[in-house]
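Because the structure is predicted, anything quoted here is derived from the model rather than measured.
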Amino acid sequence: MNWISRFIGGRGESEALDRGVAETLAHWQSLVDADLSRAHFETRYAVLNTEATGLDLDRDRLLAVGAIAIEGGLISPAGSYYSTLEPSPSLALCGLLEFVRKDPVVVFNAAFNLGMLEPVLDQRLGIALDAQTIDLYFLLPALFPERHGNPVRLGDWMESFGIGTFQRHHALGDGWAVAQLFLAAQARALAQGAASPRALQDLERAYRQYRRKA
């Protein structure tokens, strides 16, 4: 019994996955994590965002997922993914994984977005995302203390930078705003000599440690 047949056969008939979905997942699992030491402009980042019924991780539920690719320091209008979980959560989540690949994941407020997404990935696909994340919730105040010295809401950063989007509280709409904020963060980080995804993670980690000691 190979990995795919175990995966399909082990979830019960009602939750059995389409073979094409299982094969896509198997391919995703075989991907190698992106090299975090590469330069920004050689790296494909995946901005990931979710849409839920509310902000309570225990009581609310995931409605939709969105992602936007940033390549060569640019947001590609064609490089995006959006799907509601209904009518097929497995297909929606599988499509998200296929889009994100094993690239560095940019997210705003990972505690909420990944906290909402990861249990559903486990429940529906038996997959752990285990992403290499960059959380703008902490990275932005580390890079722009003159605007906000502490972590604040996405809307506050959008107002600070004069960033708009086509729909707030929509997985792809807010993802578009997060992508623009990431480009600003990337430019400021590069000016400070932080030229790779790993350098951004180091900045975020240092800021978290600073907050714990403050």
Considering all heavy atoms of both residues, which atom of Pro104 and which atom of Thr43 are nearest to each other, and what is their separation?
CG-CG2, 3.9 Å

Is any side-chain heavy atom of Arg211 less than 4.5 Å from a side-chain heavy atom of Pro151?
yes

Look up atom CG in Leu200 and atom CD in Gln132, then write down how far apart they are to the nearest 0.5 Å.
12.5 Å

Show me the donor-acceptor pairs within less than 3.5 Å that the side chains of residues 61-68 make with the rest of the protein, sequence neighbours left out.
none

Could you check whether atom CD of Glu159 has more than 12 heavy atoms from other residues, nucleotides or ligands sitting under 6.0 Å from it?
no

Calculate, to the nearest 0.5 Å, the distance between atoms NZ and CG belonging to Lys102 and Asp35 respectively.
14.5 Å

Quick one: closest heavy-atom pair of Leu57 and Ala111, and the distance?
CD1-O, 3.7 Å

Could you tell me the separation between the CG atom of Asp202 and the CD atom of Glu204, rounded to the nearest 0.5 Å?
10.0 Å

So which heavy atom on Gly73 is nearest to which on Gln186, and how close?
CA-OE1, 4.0 Å

If the condition is ring-ring contact (aromatic ring centres under 6.0 Å, His included), which residues does His148 pass it with, not counting sequence neighbours?
Trp157

Student check: side-chain heavy atoms of Glu51 and His170 closer than 4.5 Å:
yes

Dump the intermediate steps for side chain to side chain contact (heavy atoms under 4.5 Å, CB included) on Ser196 and Leu36, then the final yes or no.
CA-CA 6 Å; Ser196 68; Leu36 298 186; over 6 Å; no

With Arg153, which residues qualify under salt bridge (Lys or Arg N to Asp or Glu O under 4.0 Å), at least two apart?
Asp156

Is there a path of hydrophobic side-chain contacts, each under 4.5 Å between heavy atoms of I/L/V/M/F/W/Y residues, joining Val106 to Leu190?
no

Using atom types as modelled, flag every donor-acceptor pair under 3.5 Å from a side chain in residues 133-147 to any protein atom, sequence neighbours excluded.
unit_1 : atom_1 : unit_2 : atom_2 : d
Asp135 : OD1    : Asn109 : N      : 2.9
Asp135 : OD1    : Tyr137 : N      : 3.0
Asp135 : OD2    : Ala110 : N      : 3.0
Glu146 : OE2    : Arg188 : NH1    : 3.4
Glu146 : OE2    : Arg188 : NH2    : 2.9
Arg147 : NH1    : Ser160 : O      : 2.8
Arg147 : NH1    : Ser160 : OG     : 3.0

Report yes or no: is the cationic atom of Arg44 (NZ for Lys, CZ for Arg) closer than 6.0 Å to the six-membered ring centre of Phe99, at no more than 45° off its axis?
yes

Atom of Gly54, atom of Phe112 and distance for their closest heavy-atom approach
O-CZ, 3.5 Å

Is it the case that one hydrophobic cluster holds both Val47 and Leu74, taking links as side-chain heavy atoms less than 4.5 Å apart, direct or via other members?
no

Check whether Asp122 reaches the backbone of Glu118 with its side chain - one donor and one acceptor, N or O, closer than 3.5 Å.
no

Please report the C-alpha distance between His27 and Glu98 in whole Å, then the side-chain angles of each, then the deciding distance to 0.1 Å, and finally whether the side chain to side chain contact (heavy atoms under 4.5 Å, CB included) criterion is met.
CA-CA 9 Å; His27 176 259; Glu98 189 174 28; over 6 Å; no

Is there side-chain contact between His40 and Ile70, with at least one heavy-atom pair below 4.5 Å?
no

Full working for side chain to side chain contact (heavy atoms under 4.5 Å, CB included) between Val107 and Thr50
CA-CA 10 Å; Val107 64; Thr50 63; over 6 Å; no

Taking the side chain as every heavy atom from C-beta outward, state whether Val100 and Tyr81 have any atom pair closer than 4.5 Å.
no

Can you measure from OG (Ser83) to CG (Leu172) and round to the nearest 0.5 angstrom?
11.0 Å

Test side-chain contact (heavy atoms from CB on, under 4.5 Å) applied to Arg212 - qualifying residues, sequence neighbours left out:
Arg208, Gln209

Residue pair Ile75 / Phe182, side-chain heavy-atom distance below 4.5 Å
no

Taking all non-hydrogen atoms of both residues into account, name the closest pair between Phe161 and Ala184 and its distance.
CE2-CB, 3.9 Å

Are any non-hydrogen side-chain atoms of Ile127 and Trp28 less than 4.5 angstrom apart?
yes

Is it true that Val32 and Leu25 fall in one hydrophobic cluster, defined by side-chain heavy atoms closer than 4.5 Å?
no

Taking the side chain as everything from C-beta on, heavy atoms only, tell me whether Leu48 gets closer than 4.5 Å to Leu96.
yes

Any donor-acceptor N/O pair, Thr165 side chain to Gly173 backbone, under 3.5 Å
yes

Who are the salt bridge (Lys or Arg N to Asp or Glu O under 4.0 Å) partners of Arg198, not counting sequence neighbours?
none

Would you check if the side chain of Asp103 reaches a backbone N or O of Tyr45 as a donor-acceptor pair within less than 3.5 Å?
no

What closest approach, in Å, do Ala92 and Thr84 show between heavy atoms, and which atom pair accounts for it?
CB-O, 3.3 Å

Indicate yes or no for a side-chain donor-acceptor contact from Asn49 to the backbone of Ala171 under 3.5 Å, with no hydrogens or angles considered.
yes

